[in-house]
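Okay, structure first, notes after.
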2 protein chains.
Amino acid sequence: MSASHIPEDVHDRCAHCVGRRLSVCSSIDDCDLAILANESSRMTVADGRSFIEEGAPANDFFVVTGGRVKLFTLLPDGRRQITGFAEGGDFLGLAASTSYAFGAEALGGATLCRFPHAGMQRLTERFPSLEHRLREEASRELALMQARMTLLGRKTARERVATFLIERCQHLEKPDLSHPVELDLPMPRTDIADYLGLTIETVSRILSAFKKEKLISIRSITHITLLMPERISTIAEGME
Amino acid sequence: MSASHIPEDVHDRCAHCVGRRLSVCSSIDDCDLAILANESSRMTVADGRSFIEEGAPANDFFVVTGGRVKLFTLLPDGRRQITGFAEGGDFLGLAASTSYAFGAEALGGATLCRFPHAGMQRLTERFPSLEHRLREEASRELALMQARMTLLGRKTARERVATFLIERCQHLEKPDLSHPVELDLPMPRTDIADYLGLTIETVSRILSAFKKEKLISIRSITHITLLMPERISTIAEGME
DNA sequence: CCATCACCTTGACCTGAATCAAGTCTGGTA
DNA sequence: TACCAGACTTGATTCAGGTCAAGGTGATGG
């Protein structure tokens, strides 16, 4: 598909994409959107389907344009560490030299925009600010991972679950911990456990404990209200 | 200090630096070394002295030109997670947006080359390949962290210590696991423990166990020989 | 040559989270 | 309305690794 055939459509595809607002694509001017669109292609991934294989040759970058995905690494015996959840606007594929350092699969269905490395290179040559934006993105990710290593290496189970809840808050449009917060947890407990380096039973127990302590209320499995967000934040920092 | 005053010295400073061979500085041509030198300054840090404060405004990048440093994050009550060790040629400071996401201190004395962000920006504008090199560096680091999260979240103490030993091997000039390997562990047990998310006692016990199993021999506290590197590597991957 | 101090090792015991094992809840089907 | 399957919760028990408490070791200085 070449930009010269259907320039309007192609332009629009990028113009109305969440990546345009949130992701690396924001470093491209409006008038150059067709070039951007021409180097990328859309794809959808069904719930639970994998689209990045850990260790496979890294040929593409991805922008999540809809839905959610989980990123993970595996040990040979099947133990799994989820290294992150990504949603609309998030950029994937920087954690790779020649091969991907992580696997990725859709969490309840996702749409993605795929940028082959070759095309991305053409884009960075043409738009140097894009390369800078990619570095910024990598830096942001590195800073997040720094905190996550502290979580996995040094926090208690209680602190980990509290941190997870606070992290979810900060993904909302208007994070505000001074009032109760309604949260949607679209991932199953298994994923939360593998993200926090715990077992599903421990996650469940601690959520129940938080409920008993009136820190949260559990409206349904996926729908939780933080009744005392600031107290949970205190627990998350290990200061309770 | 301006390059025009003592161009020869300044040029030489970069020409003979390990960063020139190993680090981001390799993306600059010989003839432009004076420009590079002019944007950077040397510094030495004594054993145990801190030179990056977690949360402080991030104003500089650093290249380790000699010795070693440790990078870490802290919890309010003093729990510490060492997120990495850096040595000659390693680049520091990418894991930061406006403020550093980690602290850093010298491990037995270190020399560094400091690049203020403003100067680095002048360099990346003049040498676009440097910006690309920085992104590569960030990607390499991200891939490493991915593996480290799996270690902290999912590996047993035995697997962690084995992984640490294998990692140290891979820092040698000629990594080769088919024969016994002599290793130097310049960091105290406390640092190894904080790197692996364990206690000093557990690290000590597991090294003793490895010794009893004839997997390693402990010649002195800092000097260890891996007698069966491949078996240790197998343990590290969780496949024993 | 001994004292000191910091760091490391070892042992005994404890505990937080894992494991093992029932339940329970929910949404989908008939 | 009852049944079923999959996901979650809860309880009982175990165990890996932490904590507490002695020792050991080796580099430095008197």
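Just so you know, these numbers come straight off a predicted model, no measurement behind them. All values below come from the heavy atoms of this structure, side chains included, with hydrogens, waters and symmetry mates left out.
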What is the separation between atom [atom1] on [X] and atom [atom2] on [N], rounded to the nearest whole Å?
{"X": "B:Ile224", "N": "C:dC8", "atom1": "CD1", "atom2": "C1'", "result": "12 Å"}
{"X": "A:Lys212", "N": "D:dT9", "atom1": "NZ", "atom2": "P", "result": "13 Å"}
{"X": "B:Ile218", "N": "C:dC7", "atom1": "CD1", "atom2": "C1'", "result": "14 Å"}
{"X": "B:Leu152", "N": "C:dA17", "atom1": "CG", "atom2": "P", "result": "15 Å"}
{"X": "B:Arg154", "N": "D:dA16", "atom1": "CZ", "atom2": "P", "result": "16 Å"}
{"X": "B:Glu201", "N": "D:dG24", "atom1": "CD", "atom2": "C1'", "result": "15 Å"}
{"X": "B:Leu185", "N": "C:dC8", "atom1": "CG", "atom2": "P", "result": "10 Å"}
{"X": "A:Arg79", "N": "C:dA18", "atom1": "CZ", "atom2": "P", "result": "13 Å"}

Determine: side-chain N/O of [X] to OP1/OP2 of [N], distance under 4.0 Å, yes or no.
{"X": "A:Thr199", "N": "C:dA18", "result": "yes"}
{"X": "A:Thr202", "N": "C:dA18", "result": "yes"}
{"X": "A:Ser208", "N": "D:dT10", "result": "yes"}

### Task
Return the 5'-most residue of the pair A:Ile221, A:Gly197 with respect to DNA chain C, ranking by each residue's nearest nucleotide.
A:Gly197

### Query
Is a side-chain donor or acceptor of A:Arg189 paired with a backbone partner of A:Ile200 at a separation under 3.5 angstrom?
no

### Message
Keeping A:Arg80 on the side-chain end and A:Asp194 on the backbone end, is there a donor-acceptor pair under 3.5 Å?
### Response
no

Side chain of [X] only, please: which of [options] is the nearest?
{"X": "A:Thr190", "options": "D:dC8, C:dC8, D:dG17", "value": "D:dC8"}
{"X": "A:Pro188", "options": "D:dC8, C:dT10, D:dG18", "value": "D:dC8"}
{"X": "B:Arg189", "options": "C:dT9, D:dG18, C:dC20", "value": "C:dT9"}

### Message
Whether the side chain of B:Arg205 and the base of D:dT19 hold a donor-acceptor pair under 3.5 Å is what I'd like checked.
### Response
yes

### Message
Given B:Phe51, which partner from the list B:Tyr100, B:Phe62, B:Phe102 fulfils the ring pair (Phe, Tyr, Trp, His ring centres under 6.0 Å) test?
### Response
B:Phe62

### Message
For a quick check of understanding: with a heavy-atom distance under 4.0 Å over all strands, which category does A:Thr156 fall into, base, sugar-phosphate or nothing?
### Response
sugar-phosphate

### Task
Answer with base, sugar-phosphate or nothing: what part of the nucleic acid does B:Leu207 contact at a heavy-atom distance below 4.0 Å?
nothing

### Task
Determine whether B:Leu71 and B:Leu92 make a side-chain contact, defined as any pair of heavy atoms from C-beta on separated by less than 4.5 Å.
yes

### Query
Side chains of A:Lys155 and A:Thr150: is there a donor and an acceptor less than 3.5 Å apart?
no

